[in-house]
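Here the structure comes first, spelled out in C-alpha cells, and everything after it is commentary.
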Amino acid sequence: QKEVEQNSGPLSVPEGAIASLNCTYSDRGSQSFFWYRQYSGKSPELIMSIYSNGDKEDGRFTAQLNKASQYVSLLIRDSQPSDSATYLCAVLNQGGKLIFGQGTELSVKP
Amino acid sequence: DAGVTQSPTHLIKTRGQQVTLRCSPKSGHDTVSWYQQALGQGPQFIFQYYEEEERQRGNFPDRFSGHQFPNYSSELNVNALLLGDSALYLCASSLGLRGVNSPLHFGNGTRLTVT
C-alpha cells in the first residue's frame, strides 16, 4: 500500500463545474496535509494546507479533512480552463517526511 | 523576496558520471528538502537537511548524497549515474525541522537526463 494514494485521472470537467479531487493516506499519526498544483513542466505550487478535521475554504478552493477515515479532498468550484493541471496531495507523516501522492491530472474543458 | 533558486536548469550526463545540483532556499528558510520526480509521477522524497545535517532520508541508495552549508544553501550529489536517474530534481525549503506549519516552497527544478 502506498503511503499517499490519489486517482491518477485524468479527471475531465466542463468549465464552471465543481472538480473533486481525493486522497487517502496510511499513516494515522499524520498531522498536516497539503494540496499542490503543478502545471506541465513547472514545479509544484502550494494552494491549500489543512491541519484539523473539517473544511477549509480559500476562494474557489475548499480542502476537506477526515482523519478518522484518513481522507483528504480538494474541491474546486467554478472550474476554469486555467485550473487544468496536476494536483498533488502531500501528507506530513509522523516521522516528519512530506510524502506526495502520484497526482491527479485535471482537465477543464471550455 | 527571493524564492527557492536551483541550478542548473537542465543537465545532460552520461551513465556512470557524477553530478552536483545546487539550491538556495527562500529567504528566511533554514531547512532544505530534495525530491526526485519522474515523468508522470509525484515527487519522491530523497532527503532533508537542517543545521547542516541530514535529518531524514527516503528510500534512495547511497549514490545520492548531499550537503548543507552555513548559509542554508544545499547541494545534491549523485554518483555512478544510471539511466533511471533521469528525472526532475526539485529542491524545497521550509522553516524549522518538522515543517508542521511551514509548508514546502519549491524551486523550478533541475531536469537531469542520463544517456
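From a predicted model like this one, the values you see are computed outputs, not experimental measurements. Computed from heavy atoms alone, side chains included, the values below leave out hydrogens, waters and symmetry copies.
For residues 101-110 of chain A, the interface with chain B (any heavy-atom pair closer than 4.5 Å) comprises Gly101(A), Gln102(A), sorted by residue number.
For Leu104(B), the parts sitting under 4.5 Å from any heavy atom of chain A are the backbone and the side chain alike. The contact between Gln38(A) and chain B is made entirely by side chain atoms (from C-beta outward), counting heavy-atom distances below 4.5 Å.
Listed for the Ser43(A) side chain is no donor-acceptor partner under 3.5 Å among the backbone atoms of Gly109(B).
Under a cut-off of 6.0 angstrom, the local environment of CZ in Arg60(A) is crowded, with over 12 non-hydrogen atoms contributed by other residues, nucleotides or ligands. For Asn7(A), the CG atom counts as loosely surrounded, since its 6.0 Å shell holds 12 or fewer non-hydrogen atoms of other residues, nucleotides or ligands. By the neighbour-count criterion of 12 heavy atoms within 6.0 Å, atom CG of Leu39(B) is sparsely surrounded, having that number or fewer from other residues, nucleotides or ligands. Heavy-atom neighbours of Ile12(B) CD1 from other residues, nucleotides or ligands within 6.0 Å: at or below the threshold of 12.
How far CD of Gln48(B) is from CG of Leu98(A): 9.5 Å, rounded to the nearest 0.5 Å. Asn93(A) contributes atom CG, which lies 7.5 Å from atom CD of Gln56(B) (distance to the nearest 0.5 angstrom).
A 4.5 Å side-chain heavy-atom check between Pro43(B) and Leu88(A) finds at least one atom pair inside the cut-off.
Residue pairs meeting the salt bridge (charged side-chain N to carboxylate O under 4.0 Å, His left out) criterion with at least one partner in residues 37-48 of chain B, sequence neighbours excluded, are absent. Within the structure, ring-ring contact (aromatic ring centres under 6.0 Å, His included) contacts touching residues 72-103 of chain A (residues at least two apart or in different chains) are Tyr36(A)-Phe100(A), Phe100(A)-Tyr35(B), Phe100(A)-Phe106(B). Each side chain to side chain donor-acceptor pair (under 3.5 Å) pair with one or both residues in residues 62-74 of chain B, not counting sequence neighbours, appears once here: Trp34(B)-Ser74(B), Arg63(B)-Asp85(B), Asn71(B)-Ser73(B).
If you chain together hydrophobic residues whose side chains sit under 4.5 Å apart, Phe47(B) and Tyr89(B) fall into the same group. There is a path of hydrophobic side-chain contacts, each under 4.5 Å, that joins Leu81(B) to Phe60(B).
Of the listed residues (His105(B), Arg57(B), Arg111(B)), the greatest number of heavy-atom pairs within a distance under 4.5 Å of chain A belongs to Arg57(B).
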